[in-house]
Amino acid sequence: MTSSSLALLLRPARTLRDHPLVARYAPVLTMVLALVAIWYVAAVAMNWSLVRDGFEREETPYAMSDVLAGTMDAERPLLPAPHQIASAFLDSVFGYPPLAPRSLVYHSLVTLSATLLGFLLGALFGIVLALLIVHSRVLERSLLPWIICSQMVPVLALAPIFIVVLGALGLHGLLPKSIISAYLCFFPVAIGMVKGFISPDPLQLELMRTWSATPRQVLWKLRWPASVPYLFASLKVAVTISLIGAIVAELPTGAEAGIGARLLSGSYYGQTVQLWSALVAAAVLSSALIALIGLIERETGRRMGAH
């Protein structure tokens, strides 16, 4: 037997846990399963009295197993079980035509339109503010404290004010929601881009001055490429906040469409399962937007020569 054959026999066999996909997703899957188990326990604990009182009001004989089963299928539970939320979510997504008023796809598209417009406005505004702050010490001292202070007031308090003022100016529908969304998401972009624009090494800046580079050339040749990682990190935060802003903006307007409208109607009529399915739709939408930005980030890095 040759030495190579002996080494092959002595090499430990690869197990399932050594598979790259298992190594990558096993921790996440473990956490998800643990959370689902905790959720079921919480659903039983929170719905137990509700189901038991229902049996007693109807004067129906019941056993512990009947109450336990009832906590899993209560019509208006305090905390829906995960399978109830999944069933309601799938039914709302696939049970109706995509543009039907009862379809969760339709409501998600309404919220998505305000989210994307607000995200674009907020991101552009944040980048412009960062450019002004980096190139002017006066603006840095005057603008930066106000940018930070602007985020101290809860958006729930500001949203009705925005809606009333913009409505008085004749702005209704998509634009007011987008402005509220932009107001929330410009902050992480502005702060992240300020950090990105000042991230180049001072020696690199001195070298650009030695070559008599203009401020515009320094910006496009040095500051902007150095700020790209900060830009995408900020955009991932901003797009999530933009979605939250769009949902919050739908609440004071009494909107008839959108994820915020679904949350309102579920709250008014005690439809907790509908509430949670709308929240799942918001989470799925946010994850998809973050994944899209991550894809653009990888493609941008590849074009810039990243490995």
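The structure presented is a predicted model; accordingly, all values stated were derived computationally and were not measured. Counting from 1, the numbers follow the sequence of the chain as shown.
With hydrogens and angles left out, the side-chain atoms of Thr111 and Glu250 include a donor and acceptor closer than 3.5 Å. Between the side chains of Ser277 and Ser92, no donor-acceptor pair of N or O atoms lies under 3.5 Å.
No donor-acceptor pair under 3.5 Å is formed between the side chain of Ser87 and the backbone N or O of His83. Counting only distance, with no hydrogens or angles, the side chain of His107 and the backbone of Ala261 share no donor-acceptor pair below 3.5 Å. Of the possible polar contacts, none joining the Thr272 side chain to the Arg76 backbone as a donor-acceptor pair under 3.5 Å is found. Between the side chain of Asn47 and the backbone N or O of Gly70 there is no donor-acceptor pair closer than 3.5 Å.
Take Leu279 and apply the side chain to side chain contact (heavy atoms under 4.5 Å, CB included) test, not counting sequence neighbours, and it matches Leu263, Trp276. The side chain to side chain contact (heavy atoms under 4.5 Å, CB included) test applied to Val128 returns Leu132, not counting sequence neighbours. Taking the ring-ring contact (aromatic ring centres under 6.0 Å, His included) definition, one finds that Phe197 meets it with Trp224, sequence neighbours left out. With sequence neighbours left out, Pro98 forms a side chain to side chain contact (heavy atoms under 4.5 Å, CB included) with Val105. Residues passing the salt bridge (charged side-chain N to carboxylate O under 4.0 Å, His left out) test with Arg216: none are found, sequence neighbours excluded.
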Worksheet entry | Stepwise side chain to side chain contact (heavy atoms under 4.5 Å, CB included) test for Leu231 and Ile127 | CA-CA 9 Å; Leu231 172 63; Ile127 292 172; 4.1 Å; yes

Practice prompt. Show your working on side chain to side chain contact (heavy atoms under 4.5 Å, CB included) between Thr115 and Ile247 and close with a plain yes or no.
Written response: CA-CA 9 Å; Thr115 299; Ile247 294 174; over 6 Å; no

Item to complete: Verify side chain to side chain contact (heavy atoms under 4.5 Å, CB included) between Gln271 and Ser265, making sure each step is shown before the conclusion.
Response: CA-CA 8 Å; Gln271 298 290 341; Ser265 62; over 6 Å; no

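Legend: ring pair (Phe, Tyr, Trp, His ring centres under 6.0 Å) pairs involving residues 110-153, not counting sequence neighbours, sorted by first then second residue: Phe125-Phe186.
When all heavy atoms are compared, the tightest approach of Ala88 to Val273 is CB-CG1, 3.3 Å.
Partner of Ile241 under the side chain to side chain contact (heavy atoms under 4.5 Å, CB included) criterion, out of Val239, Val237, Leu243: Val237 alone.
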